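This report concerns only the one structure given below.
The structure displayed is predicted, hence computed values, not measured ones. Just so you know, residue 1 is the first one in the sequence shown, and it goes up from there.
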Amino acid sequence: MQPRTPLLLCVLLSQVLLLTSAEDLDCTPGFQQKVFHINQPAQFIEDQAILNLTFSDCKGNNKLHYEVSSPYFKVNNDGSLVALKNITAVGKTLFVHARTPHAEDMAELVIVGGKDIQGSLQDIFKFARTSPVPRQKRSIVVSPILIPENQRQPFPRDVGKVVDSDRPEGSKFRLTGKGVDQEPKGIFRINENTGSVSVTRTLDRETMATYQLFVETTDVNGKTLEGPVPLEVIVIDQNDNRPIFREGPYIGHVMEGSPTGTTVMRMTAFDADDPATDNALLRYNIRQQTPDKPSPNMFYIDPEKGDIVTVVSPALLDRETLENPKYELIIEAQDMAGLDVGLTGTATATIMIDDKNDHSPKFTKKEFQATVEEGAVGVIVNLTVEDKDDPTTGAWRAAYTIINGNPGQSFEIHTNPQTNEGMLSVVKPLDYEISAFHTLLIKVENEDPLVPDVSYGPSSTATVHITVLDVNEGPVFYPDPMTVTRQENISVGSVLLTVNATDPDSLQHQTIRYSVYKDPAGWLNINPINGTVDTMAVLDRESPFVHNSVYTALFLAIDSGNPPATGTGTLLITLEDVNDNAPFIYPTVAEVCDDAKNLSVVILGASDKDLHPNTDPFKFEIHKQAVPDKVWKVSKINNTHALVSLLQNLNKANYHLPIMVTDSGKPPMTNITDLRVQVCSCKNSKVDCNAAGALHFSVTSVLLVSLFSLACL
């Protein structure tokens, strides 16, 4: 809070307008120099002149009075500024206020290298520095008007006066600005004859702290004679606003066991009154603490800063022994620096005592038992622990680790997030015949590290004994899948292989029988005793049951247990191709016009179900024994296509041309197919094949289809 000085009292109490005359129009009232700069000396010496100030009110300086912003300095009658005692630090700026009944002004002394100190009166003097000083050749004299807010009736009431010593007869005063003829309108008015300024209603500093008005004189016609001159109206603050806490909710956290004096949070309130006055100078205190155990004074609040700190010993901040880890404080803020006359406001601060990991988890017993059938997977036992820490934190949540007895990684353990139990699971099936018992050593820790003075003890480890129960397991084929390669069309009864299945239950000495499970084409047979697989039909690589030359069959191996157990094995037979499919041609129908100039009939393609080299290149021929050589011709296009053409035009009729196609297999296979050629009448772009038969295909269409097929190969 800034110190109150005689200068502030003078400013706040002064409501008297300064008068001056315009006898000397060449004189400018005020300081001749308003800003001075000096270097910070090692020390200001008592009664030693620092600088000389020159002030004139243009009226002889009668009753001239000086005031300095620092109580350690004064201005002598001759204008010299001196120190009242030896002093080193006075701040960065000094202000000198001079006034007479006719004028006043402010000078500023800037101390280069000076340091800020509390108590600068720059804010106190701000209205004086911005206040107008009578200027050269100007007779209107105005001074700031100070009005307390919240004044009561009656209104209007006079608050100041404007003087014009040289105002011509018949001239009038006029007042303008915000608060007069601008919004908010009508708050101030001026007596046009006397210059008295009045306020018409109650003012609220928090709505508007200052009003910048303008005064001028006008003639009878309203023409401005002089001015406008600024007139500042300052609203003096009253303590009419309670402190309020605007940033809630206020929630703080402090770790249990924290040292005395640990800062928890800061509570700050806002007061709308003038921050430069005690009206907004706040002090804080704790009105109530709930609960009041184990001490009614668990916390303290800094009255000036609003910082809430712990005031009890760390032992009392033990979350596990507290009745409730949540405290609610009623915080009061009071203005007027906490005096009884100050207004108050309250808010609730919620403080949570946070848990730290000062308790290690402990198993509820040293040994746990579990049983599991061989071959099964899943959770087999839940391990229980106790932990006194907060269940919502990592100081309570458990993390389990298998530290011994799990070389094959057959077991895993995970934490149940709801119960904190350790769920021990089998993730790889166990084999009774290999080991009927397993012993695991498991430790438990918290997600968060323990505090330095707490460690994990013997209760943080436990032993789990697991018994594996024997079950009748199905036989296992080896290898699986089984593979064999044979040529297609081998003779019926050929042996493909002998399957092998073993019973994992080696201690039970059971027998195994075999059977066919899936044989889509019905080609195979298996000896139920020794597992020999032979064929009972011809194997055909081109069968729809064969995919990518591989035929798949499934077999069962059934043991003699009670009930019996079954195992499944897969047989993959890769069939090698033999040339057992003759090629075929397409298309088998064609058209040609009886007067065609282009004697090409159709492009033939050939295909074969076998694999290379039992397919192309194909050989196309006309079966010589049935057709004269001088009518038809077959020409090779590529390995899979040939062109059929006429050697001469034929009469309109249907013709059957036997085409012989041969593949490249060893030995090769041949197929003879009748190509039906229709010779049609083609006139005026119309094709008439009625006399030639029932089919109606144009030669052009057939050729286009054939060429498209050729292009797709």
Side-chain angles (χ1 to χ4, degrees), residues 1-2 118 239-359 388-396 448-454:
M1 178 176 175
Q2 296 177 339
Q118 187 174 2
N239 192 19
D240 58 346
N241 289 278
R242 293 182 178 275
I244 58 174
F245 292 89
R246 301 190 299 186
E247 301 175 358
Y250 296 92
I251 301 176
H253 294 263
V254 62
M255 190 69 69
E256 64 172 329
S258 295
T260 302
T262 299
T263 300
V264 180
M265 60 191 299
R266 172 170 287 187
M267 297 280 288
T268 54
F270 169 78
D271 195 311
D273 290 319
D274 188 352
T277 68
D278 285 353
N279 297 337
L281 186 59
L282 304 182
R283 294 293 182 263
Y284 301 93
N285 70 89
I286 300 174
R287 293 293 303 272
Q288 181 180 333
Q289 170 190 302
T290 305
D292 59 358
K293 302 291 178 58
S295 169
N297 299 304
M298 300 284 289
F299 305 95
Y300 165 80
I301 187 168
D302 186 300
E304 295 184 5
K305 297 180 180 179
D307 289 339
I308 299 176
V309 299
T310 62
V311 293
V312 295
S313 66
L316 290 181
L317 280 180
D318 185 357
R319 187 186 179 282
E320 286 73 38
T321 61
L322 291 176
E323 177 183 321
N324 190 337
K326 180 174 74 172
Y327 286 87
E328 290 189 347
L329 307 180
I330 304 299
I331 305 299
E332 179 185 75
Q334 188 171 25
D335 59 23
M336 297 302 293
L339 297 177
D340 291 341
V341 296
L343 303 177
T344 62
T346 60
T348 299
T350 301
I351 299 178
M352 305 298 299
I353 310 300
D354 291 339
D355 187 38
K356 65 180 180 180
N357 199 8
D358 55 353
H359 294 86
K388 295 181 180 180
D389 291 313
D390 184 358
T392 64
T393 67
W396 177 81
D448 292 348
L450 295 173
V451 296
D453 55 341
V454 177

Any heavy-atom pair between the side chains of [Y] and [X] that's under 4.5 Å?
X      : Y      : answer
Ile330 : Glu328 : no
Pro243 : Phe270 : no
Val254 : Asp354 : no
Leu329 : Ile301 : no
Val309 : Asp302 : no
Glu320 : Asp358 : yes

Side-chain donor or acceptor of [X] paired with backbone N/O of [Y] under 3.5 Å:
X      : Y      : result
Asn357 : Asp448 : yes
Glu304 : Gly306 : no
Asp389 : His359 : yes
Asn241 : Ala272 : no
Glu256 : Pro325 : no
Asp390 : Thr393 : no
Thr310 : Met298 : no

Rounded to the nearest 0.5 Å, what's the gap from [atom1] on [X] to [atom2] on [Y]? Could you check?
X      : Y      : atom1 : atom2 : answer
Asp273 : Leu281 : CG    : CG    : 11.5 Å
Tyr300 : Asn285 : OH    : CG    : 10.0 Å
Arg242 : Gln334 : CZ    : CD    : 9.5 Å
Asp240 : Asp271 : CG    : CG    : 9.0 Å
Glu247 : Met267 : CD    : CE    : 9.5 Å
Asp318 : Asp355 : CG    : CG    : 9.0 Å

Please name the pair of heavy atoms, one in [X] and one in [Y], separated by the smallest distance, quoted to 0.1 Å.
X      : Y      : result
Ile286 : Phe299 : CD1-O, 3.5 Å
Ser258 : Leu317 : O-CD1, 4.0 Å
Lys356 : Met255 : CB-SD, 3.5 Å
Tyr327 : Gln289 : CE2-NE2, 3.9 Å
Leu322 : Leu316 : CD2-O, 3.5 Å

message = Would Ile331 and Ile308 count as a side chain to side chain contact (heavy atoms under 4.5 Å, CB included) here? Give the steps.
response = CA-CA 10 Å; Ile331 305 299; Ile308 299 176; 4.1 Å; yes
Distance-only criterion, 3.5 Å: show the donor-acceptor pairs between side-chain atoms of residues 340-348 and protein atoms not counting sequence neighbours.
none

request  = Hey, can you tell me if Phe245 and Tyr284 have their rings parallel, tilted or perpendicular (30° and 60° cut-offs)?
outcome  = tilted
message = I need the single residue from Gln288, Arg287, Arg283 that forms a side-chain hydrogen bond (donor to acceptor under 3.5 Å, both in side chains) with Glu332. Which is it?
response =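 Testing each of Gln288, Arg287, Arg283 against Glu332, the sole residue satisfying side-chain hydrogen bond (donor to acceptor under 3.5 Å, both in side chains) is Arg287.
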ask   = Does the side chain to side chain contact (heavy atoms under 4.5 Å, CB included) test come out yes or no for Ile351 and Lys326, once each step is laid out?
value = CA-CA 6 Å; Ile351 299 178; Lys326 180 174 74 172; over 6 Å; no
